[in-house]
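The structure displayed is predicted, hence computed values, not measured ones. Just so you know, ligand 1 is whichever comes first in the structure, and atom 1 is the first atom listed for that ligand.
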Amino acid sequence: MKDPVAVRVAALPPLREAIAAAGFSAKKSLGQNFLLDINLTRRIARAAGPLDVGTTIEIGPGPGGLTRALLIEGATALIAVERDARAAAALAPLVAAAEGRLQLVEADALDVDTATLGAAPRRIVANLPYNVATRLLLGWLETPSAFESLTLMFQKEVADRLLAEPGAEAYGRLSVLVQWLCVVRRVTDLPPSAFTPAPKVWSSVVRLQPRPEPSHPADRRTLEKVTEAAFGQRRKMLRQSLKGLGGDALLAAAGIEPTMRPERLAVADFCRLANTLTDRESRR
Ligand code: SAM
């Protein structure tokens, strides 16, 4: 480790001490489950890298476990967005050690225009607060090209949905939309014991890489409308769940069996349905 900032950060007192000194007790309402193991946070930081170009954006640094790892692994411009005002005191020694590489933004990430933070290329890295994780992700994916990658910790059940393929129980609207926009891979699964305090569920780190273009051409809102209708009644045949959008006629025009259930359709099929719906609506 030759980088002087990395050396300084690695030499800071242990995170547990920083947390105790700042009186930073975890708040459940803010989804605070901290990662204290530096080997683990460095592994996540490496999966998000390389970090030495553009801007690394961390959501919810809390007391700074992952933040330390990102600086040690070479982040040269790191912006950390945190809603809990108590974090500033815990992070102060880290901000000093980072010598201008770390900027703390005290704000609710739901209100921040993350797509314009810092210089491109931008990557988001976060151990997300689980209560707003999906909302945050869908917000970022409104402008997928603003991000080079998103390396994010979710509860495993959500990660499974992001990665699910047709036929899997976890396959649904989120799988279709996210895989349409991004290449998704699982980095690792973590047991509750990896966190302090331990949550009730397993967690997973997922890396999402926005595609230069969606996997198949389609209008996003129409695709959302079709998947919402189809998976809104996932046990039903498509002819039933898509009745309000054209039912049998829509399915016939798209070349899809009306007796199929939504979990059998691939992303390409949903895009074909969306395009058929767009055509039919424009001809009305
Ligand atoms: N990054 C730290 C770690 O890995 O140990 C903390 C992760 S903890 C799961 C989630 C963090 O997100 C907490 O620090 C919490 O205060 C913060 N947070 C919760 N809701 C937030 C929001 N809406 N905007 C920004 N930060 C938020």
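- The closest approach between L128 and ligand 1 falls below 4.0 Å for a heavy atom of the residue.
- With respect to atom 27 (C) of ligand 1, the closest heavy atom belonging to the protein is R83 CB, 3.8 Å.
- At least one heavy atom of G31 lies less than 4.0 angstrom from ligand 1.
- Contact atoms of ligand 1 toward V81: 25 (C), 26 (N) (distance under 4.0 Å to a heavy atom of the residue).
- Scanning the protein for heavy atoms near atom 19 (C) of ligand 1, the closest one is L30 O, 3.2 Å.
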Checklist entry - After noting the C-alpha distance and the side-chain angles of M260 and M237, does the key distance pass the side-chain contact (heavy atoms from CB on, under 4.5 Å) rule? => result CA-CA 5 Å; M260 286 197 25; M237 291 179 193; over 6 Å; no

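- Among protein heavy atoms, the minimum distance from atom 2 (C) of ligand 1 is reached at P61 O, 3.3 Å.
- Not a single heavy atom of M153 sits closer than 4.0 Å to an atom of ligand 1.
- Heavy-atom proximity to E58, at under 4.0 Å, picks out these atoms of ligand 1: 1 (N).
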Checklist entry - side-chain hydrogen bond (donor to acceptor under 3.5 Å, both in side chains) between D279 and T276: does it pass, once the steps are laid out? => result CA-CA 5 Å; D279 282 353; T276 307; 5.8 Å; no

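- Among the atoms of L35, some N or O lies under 3.5 angstrom from an N or O of ligand 1.
- Looking only at protein heavy atoms, the nearest one to atom 16 (O) of ligand 1 is E82 OE2, 2.6 Å.
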Next on the checklist: Assess the residue pair Q155 and S203 against the criterion (side-chain hydrogen bond (donor to acceptor under 3.5 Å, both in side chains)); give the C-alpha distance rounded to whole Å, side-chain angles, the decisive distance to 0.1 Å, and a yes or no.
Outcome noted: CA-CA 4 Å; Q155 50 184 327; S203 301; over 6 Å; no

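- Each of the atoms 14 (O) of ligand 1 lies under 4.0 Å from some heavy atom of G62.
- What sits closest to atom 4 (O) of ligand 1 on the protein, heavy atoms only, is N127 ND2, 2.9 Å.
- For the pair R122 and F147, the NZ or CZ position fails the cation-pi test of under 6.0 Å to the six-membered ring centre and within 45 degrees of the ring normal.
- Not a single N or O atom of D84, backbone or side chain, sits closer than 3.5 Å to an N or O atom of ligand 1.
- Between L137 and the options V158, V132, L128, L152, a side-chain contact (heavy atoms from CB on, under 4.5 Å) holds for only L152.
- Using a 30° and 60° split on the angle between ring planes, F34 and F24 fall in the perpendicular class, above 60°.
- In this structure, I57 is not a member of the same hydrophobic cluster as L102, with clusters built from ILVMFWY side-chain heavy atoms closer than 4.5 Å.
- Not a single donor-acceptor pair under 3.5 Å links the side chain of D189 to the backbone N or O of S204.
- Proximity of a side-chain donor or acceptor of T55 to a complementary backbone N or O of A77 within less than 3.5 Å is not detected.
- Evaluated by nearest non-hydrogen atom to atom 24 (N) of ligand 1, the leading choice among P129, A109, G60, A126 is A109.
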Item to check | Evaluation steps, salt bridge (Lys or Arg N to Asp or Glu O under 4.0 Å), between E257 and R239 | outcome: CA-CA 8 Å; E257 267 304 313; R239 70 156 34 120; over 6 Å; no

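- Remark: distances from the non-hydrogen atoms of A107 to ligand 1 include one below 4.0 Å.
- Atom numbering of ligand 1 starts at 1 in the shown order; those under 4.0 Å from a heavy atom of D108 are 22 (C), 23 (N), 24 (N).
- Looking only at heavy atoms of the protein, atom 13 (C) of ligand 1 is closest to Q32 CG, 3.6 Å.
- Annotation for V201 and P192: closest pair O-CG, 3.6 Å, computed over non-hydrogen atoms.
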